[in-house]
Amino acid sequence: MSASGLYAVLVNYRQPLLAASCARQLACASLEQHRVIVVDNDDRAHPDTRDWLSSALPHAYVATPSRNVGFAAACNIGVSHALREGAEA
C-alpha cells in the first residue's frame, strides 16, 4: 500500500443501500487510511441516488457519469479520480 492509503472503488447500479453498506463495512475494517469512491452508474433512472449516497456517505466521493457506462468504464472513472487525488498507480 502506498503512503496515500487505500482507495476502494464501488460501482453502484440500482443498489444504493448495498453500496452504502459496503462502504460502511470498509470503515469498520480498521484501515488506517482509506478513501471510498462510489460511481453511481444509473443516475438517469434514479436522479436522487447521488444525493442519497452523498448524504449517507459524507466521507466518500460520489461520481455520476452522464449515462450507464458499464462496469469497466465505471471502475476506470473511480481509478482516475483516485489517481488525481494522489494514489499511486
Side-chain angles (χ1 to χ4, degrees):
M1 179 168 38
S2 71
S4 60
L6 172 75
Y7 286 81
V9 176
L10 307 175
V11 178
N12 175 58
Y13 181 73
R14 297 186 181 177
Q15 296 293 326
L17 294 175
L18 187 59
S21 175
C22 183
R24 289 186 187 117
Q25 290 300 316
L26 285 169
C28 293
S30 299
L31 300 170
E32 288 184 25
Q33 291 184 11
H34 73 281
R35 292 192 174 114
V36 176
I37 301 166
V38 180
V39 181
D40 182 21
N41 215 7
D42 191 36
D43 188 49
R44 289 186 301 165
H46 304 282
D48 59 336
T49 301
R50 177 189 166 94
D51 293 337
W52 186 88
L53 284 167
S54 295
S55 176
L57 303 169
H59 299 295
Y61 173 78
V62 180
T64 308
S66 59
R67 61 183 176 84
N68 183 338
V69 295
F71 180 76
C75 289
N76 287 339
I77 289 169
V79 169
S80 293
H81 178 77
L83 291 172
R84 282 192 304 274
E85 283 197 343
E88 292 183 15

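Below, all heavy atoms of this structure are taken into account, side chains as well, without hydrogens, waters or symmetry copies.
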Notebook entry, point to check: Are Val69 and Leu83 connected in the hydrophobic side-chain network, where two residues link if heavy atoms are under 4.5 Å apart?
Noted result: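 Val69 clusters together with Leu83.
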
Checklist line | Path from Val39 to Leu18 over hydrophobic side-chain contacts below 4.5 Å | finding: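 No; Leu18 is not reachable from Val39 via cluster members.
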
Show the nearest heavy-atom pair for residues [X] and [Y], with the distance to one decimal.
X: Asp40; Y: Pro65; result: O-CD, 3.2 Å
X: Pro16; Y: Leu53; result: O-CD2, 3.7 Å
X: Asn41; Y: Gly70; result: ND2-O, 3.2 Å
X: Ala8; Y: Leu26; result: CB-CD1, 3.5 Å

Notebook entry, point to check: Between Leu17 and Trp52, does a side-chain contact (heavy atoms from CB on, under 4.5 Å) hold up when you go through it step by step?
Noted result: CA-CA 10 Å; Leu17 294 175; Trp52 186 88; 3.4 Å; yes

Check: After noting the C-alpha distance and the side-chain angles of Val11 and Cys75, does the key distance pass the side-chain contact (heavy atoms from CB on, under 4.5 Å) rule?
Finding: CA-CA 7 Å; Val11 178; Cys75 289; 3.9 Å; yes

Checklist line | Verdict with supporting geometry, Leu57 and Val62, side-chain contact (heavy atoms from CB on, under 4.5 Å) | finding: CA-CA 9 Å; Leu57 303 169; Val62 180; 5.6 Å; no

Next item on the list: With Tyr7 as reference, evaluate Arg35, His34, Glu88 under the side chain to side chain contact (heavy atoms under 4.5 Å, CB included) test and give the passing residue.
Entry: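 So the option named by the test is Arg35.
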
Check: Any donor and acceptor pair, going by atom type alone, linking the side chain of Ser80 with main-chain N or O of Asn76 inside 3.5 Å?
Finding: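 Confirmed, Ser80 side chain pairs with Asn76 backbone.
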
